[in-house]
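Here the structure is a predicted model, which means the values were calculated and not measured.
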Amino acid sequence: MLLQVKHLKKYFQIQQGLFGKHSQVFAVDDVSFNIKKGETLGLVGESGCGKSTTVRLILRLLEPTGGSVFFDEQDILAMNYKRLREMRARMQMVFQDPFGSLNPRMNIASIIAEPLSIHRIAIGKEKSDRVSHLLEMVGLSPACQNRYPHEFSGGQRQRIGIARALATSPELLVLDEPVSSLDVSIAAQIINLLMDLQEQFQLSYLFISHDLRMVKHLSHQVAVMYLGRIVELCPVDKLYSNPLHPYTRALLSAVPSLDPSITRTRLILKGDVPSPINPPTGCSFHPRCPQVKPECKETEPALIESFAGHSVACHRREWL
């Protein structure tokens, strides 16, 4: 197992008003999952459910409130700065905004070469040759390395971001909605590129996305998050053929079909997502759940394996 996340938590302290009481934002609350070498875990859920906070905790860009993260059986949260810096060469991130993540004052060669210099991987001609090779790897010409980010399209900028992430030869790439700002055709090209790179280098991906069709295309496992918790975790084919949690069913019902002959019944959830400052008692989904029962309002359901490899956090097991 390449990555193991166990009972990860992150609570932010806030003050309500100038003289108000201090409260906690339960951004990530007891999240656990594993990623095998060469596989992809898709992390899905509504905005504000804690997806991006989770990946920042894994990379230790934020310090967690509790839990543990093991990368290649090494405890990331117990590492000192020097050891963590060495480990980060093996874990890289591709950001959502392909323009904002690139320094506009640096040319492409400098952007891609920066990780090589920081981690002392290559210098001189070796570094220049590696930059050219990385550009070719992501489908760009080495002749463009003296140009600046504003001279490229959105898809090309995201390819540059991927090349930079690959510079240190990582084993895990965290993809934080890498195609959400791109046109559909360009997004498909980027997804195909990521799949080719995964097959070539046996990369593991943690893929965050709102587009459930992209998640189905790229992922091996899918984790569905709601209000800081994982409510369903299973192989991708099981999620799309037999979703168990009511929230997952509602998400999938909203995905438009590409086949006009197929009609779907849209499941409309009532109300809004509760505040993470004051989450509901019991199951966090119960205020919006169409199958709620008294137990849901009192006891928080554990994420339990209902079928082989298919885990769900729901009290209504009689219909699962």
Side-chain angles (χ1 to χ4, degrees), residues 1-14 22-36 41-71 73-78 91 172 174 176 206-208 219 221-235 239 243-248 250-251 273-289 292-293 295-307 309-317 320:
M1 201 68 65
L2 182 67
L3 180 69
Q4 295 175 289
V5 179
K6 300 179 180 179
H7 307 293
L8 194 62
K9 300 178 181 180
K10 181 60 180 180
Y11 305 153
F12 293 99
Q13 299 289 335
I14 63 169
H22 289 271
S23 303
Q24 287 184 325
V25 177
F26 297 88
V28 176
D29 195 9
D30 199 15
V31 166
S32 301
F33 58 80
N34 300 323
I35 300 179
K36 296 179 180 179
L41 174 74
L43 195 58
V44 303
E46 293 173 285
S47 296
C49 71
K51 303 186 300 296
S52 295
T53 302
T54 299
V55 301
R56 282 162 173 76
L57 292 171
I58 292 170
L59 297 174
R60 209 170 150 188
L61 300 176
L62 292 172
E63 293 295 329
T65 304
S68 59
V69 179
F70 289 87
F71 183 83
E73 300 184 356
Q74 300 179 64
D75 189 353
I76 292 177
L77 304 183
M91 304 181 298
L172 173 70
V174 175
D176 191 358
L206 176 52
F207 179 50
I208 298 175
S219 303
Q221 297 271 335
V222 181
V224 181
M225 286 192 72
Y226 184 81
L227 209 65
R229 297 171 180 166
I230 291 179
V231 296
E232 190 161 0
L233 176 63
C234 63
L239 185 92
L244 299 182
H245 199 279
Y247 177 62
T248 307
L251 287 180
V273 179
S275 170
I277 300 175
N278 185 26
T281 58
C283 175
S284 58
F285 186 63
H286 87 256
R288 308 174 71 194
C289 182
V292 65
K293 62 180 185 177
E295 185 183 1
C296 302
K297 302 178 182 180
E298 300 170 359
T299 309
E300 178 186 340
L303 187 67
I304 298 176
E305 190 173 30
S306 299
F307 301 100
H310 197 153
S311 300
V312 62
C314 185
H315 287 304
R316 296 190 65 90
R317 301 195 178 278
L320 295 180

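- For the pair Gly282 and Arg229, the tightest heavy-atom approach, listed with the atom from each and the gap, is O-NH1, 4.0 Å.
- Residues Val28 and Gly50 approach most closely at CG2-O, 3.8 Å, considering heavy atoms.
- Summarising the geometry, atom OG belonging to Ser219 is positioned 7.0 Å from atom CG belonging to Leu41; distances are rounded to the nearest 0.5 Å.
- Atom CD of Glu46 is separated from atom NZ of Lys51 by 8.5 Å, given to the nearest 0.5 angstrom.
- Side chains of Thr54 and Met225 form a contact here, defined as non-hydrogen atoms less than 4.5 Å apart.
- Taking each heavy atom of Ala313 and Ile230 in turn, the nearest pair found is CB-O, 4.2 Å.
- At a threshold of 4.5 Å between non-hydrogen side-chain atoms, the residues Ile58 and Leu206 count as touching.
- Taking the side chain as every heavy atom from C-beta outward, Pro280 and Leu227 approach each other to under 4.5 Å.
- Of all heavy-atom pairs between Leu77 and Val69, the closest is CD1-N, 3.9 Å.
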(request) Might you work through the side-chain contact (heavy atoms from CB on, under 4.5 Å) test for Thr248 and Val222, ending with a clear yes or no? (result) CA-CA 11 Å; Thr248 307; Val222 181; over 6 Å; no

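- The two residues Ser23 and Ile277 come nearest to each other via the heavy atoms CB-CG2, 3.9 Å.
- Neither side chain, Tyr247 nor Glu232, offers a donor N or O lying under 3.5 Å from an acceptor on the other.
- Counting heavy atoms from C-beta on, the side chains of His310 and Leu244 come closer than 4.5 Å.
- Residues meeting the side chain to side chain donor-acceptor pair (under 3.5 Å) test with Gln221, sequence neighbours left out: none.
- Using a 4.5 Å cut-off on side-chain heavy atoms (C-beta onward), Pro246 and Cys314 make contact.
- Put simply, the side chain of Phe285 does not reach to within 4.5 Å of the side chain of Val231, judged on heavy atoms.
- How far OG of Ser284 is from CZ of Phe26: 12.0 Å, rounded to the nearest 0.5 Å.
- Going from atom CG of Leu61 over to atom OG of Ser52 covers 11.5 Å, rounded to the nearest 0.5 Å.
- Note: Glu295 CD to Glu300 CD = 12.5 Å, rounded to the nearest 0.5 Å.
- Judged by distance alone, with hydrogens and angles left aside, the side-chain atoms of Thr65 form a donor-acceptor pair with the main-chain N or O of Tyr11 at under 3.5 Å.
- Between the Lys297 side chain and the His286 main chain, no donor and acceptor come within less than 3.5 Å of each other.
- To the nearest 0.5 Å, atoms CG (Asp176) and CD1 (Ile208) are separated by 4.0 Å.
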Name the atoms and distances for all side-chain donor-acceptor pairs under 3.5 Å in residues 1-10, with sequence neighbours left out.
unit_1: His7; atom_1: ND1; unit_2: Asp30; atom_2: OD1; d: 2.8
unit_1: Lys10; atom_1: NZ; unit_2: Glu63; atom_2: O; d: 2.6

